[in-house]
Number of protein chains: 2
Amino acid sequence: MKALAHPTRMFIVDELSRGERCVCELTEMIGVEMPTVSRHLSILKKAGLVRDDKRGLKIFYQLRVPCCLSFLKCVESVLQADEAEACRAA
Amino acid sequence: MKALAHPTRMFIVDELSRGERCVCELTEMIGVEMPTVSRHLSILKKAGLVRDDKRGLKIFYQLRVPCCLSFLKCVESVLQADEAEACRAA
DNA sequence: TGTTTATTTAGCCATATTGCTAACCAGATT
DNA sequence: AATCTGGTTAGCAATATGGCTAAATAAACA
């Protein structure tokens, strides 16, 4: 649960929901040092939310629990709409 | 998001999903001092997840975003089953 | 009015989290 | 073998979190 409780990690999960990404891509998007991203990824990995796949020099991360996806949609709807509308959408 | 990232607050949300509860009830269930529970509740309230309703001396809290409910179910299914099964349920 | 009950606020301390930099590791390339 | 590239690990400082106790508040009651 706590694994999702950080904006950067939310961003990562959201981004991975659109396909696998390597650490360098995520680092560039997030605008923070790579070791920091790496640690966030290791937290997500320890929580079982993502999986890593080493190919050549790069390590690609992918979402492991599609459940996150439906949750993310819910969160987004809550953020976009007021709570009443969000609930209707859920 | 961070509002849900603590076992006590998860418990509170789960409990409130079964109906409103006053602070003293929650305090007794959780087994921690009342000021602590109060602060958790204020965090949930600030996040817009719960609403409080003062009646007489007691203050009753209720879930405000039913969206939490479907999320909770998802989380529970993840916890109970392994990830493969959880995804099937989602 | 003074007291009791239910709750919140304030202040303190211990621990956890997050970011950074520096150092390390492992494949690929030369 | 030496080096480059993409990542991780380690260690540190700053900040946030979570628990406690003590003090403040507010409604009900004697």
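The analysis underlying the following values was restricted to heavy atoms, covering all of them including side chains, and did not include hydrogens, waters or symmetry mates. Numbers restart at 1 for each chain; the letters A, B, ... are given by sequence-line order, proteins then strands.
Side-chain N/O atoms of B/H6 include one lying less than 4.0 angstrom from OP1 or OP2 on D/dG19. B/H40 has no side-chain polar atom (N or O) that falls below the 4.0 Å cut-off from OP1 or OP2 of D/dT17. Taking only side-chain nitrogens and oxygens, A/Y61 never comes nearer than 4.0 Å to OP1 or OP2 of D/dG6.
Of the two residues contacting DNA chain C, namely A/T8 and B/L57, the nearest-nucleotide position lying further toward the 5' end is that of B/L57. Comparing A/K54 and A/K2 against DNA chain D, the residue whose closest nucleotide sits nearer the 5' end is A/K54.
One interatomic measurement links the two molecules: CZ of A/R55 to C1' of D/dG7, which rounds to 15 Å at whole-angstrom precision. Per the geometry, NZ belonging to B/K58 stands 13 Å off P belonging to D/dC29, to the nearest Å. For A/I12 and D/dG7, the CD1 to C1' distance is 14 Å, given to the nearest whole Å. Taking atom CG of A/L4 as the reference point, atom C1' of C/dT18 lies 17 Å away to the nearest angstrom. One can place CZ of A/R21 at 14 Å from P of D/dG7, the figure rounded to the nearest angstrom. What separates CG of B/D53 from C1' of D/dA26 is a distance of 16 Å, to the nearest Å. Computed from coordinates, the A/K45 NZ to D/dG7 P distance equals 13 Å when rounded to whole Å. The CG-P distance, from B/L41 to D/dG19, rounds to 12 Å in whole Å.
Between A/L41 and A/V50, the closest heavy-atom pair is O-CG2, 4.1 Å.
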>> Evaluate A/D53 against A/R55 for salt bridge (Lys or Arg N to Asp or Glu O under 4.0 Å), listing each step before the verdict.
In response: CA-CA 6 Å; A/D53 179 21; A/R55 293 204 293 277; 2.5 Å; yes
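The cluster map of Ile, Leu, Val, Met, Phe, Trp and Tyr, joined by side-chain heavy atoms under 4.5 Å apart, puts A/I12 and A/I59 in the same cluster. A/M29 and A/L16 end up in the same hydrophobic cluster when Ile, Leu, Val, Met, Phe, Trp and Tyr side chains are linked at under 4.5 Å. In the hydrophobic clustering of ILVMFWY residues, with side-chain heavy atoms under 4.5 Å counting as a link, A/I43 and A/V13 come out apart.
Within the 4.0 angstrom heavy-atom criterion, no nucleotide atom of any strand lies near A/F60. Counting non-hydrogen atoms under 4.0 angstrom, B/R9 reaches the backbone sugars and phosphates but no base.
Using a 4.0 Å cut-off on heavy atoms, the residues of residues 24-39 of chain A that approach DNA chain D are A/C24, A/M34, A/P35, A/S38, listed by number.
Heavy-atom contacts from other residues, nucleotides or ligands closer than 6.0 Å to CD of A/E28 number 12 or fewer.
Of the candidates B/R51, B/Q62, B/E25, B/E20 forms a side chain to side chain contact (heavy atoms under 4.5 Å, CB included) with just one, namely B/Q62.
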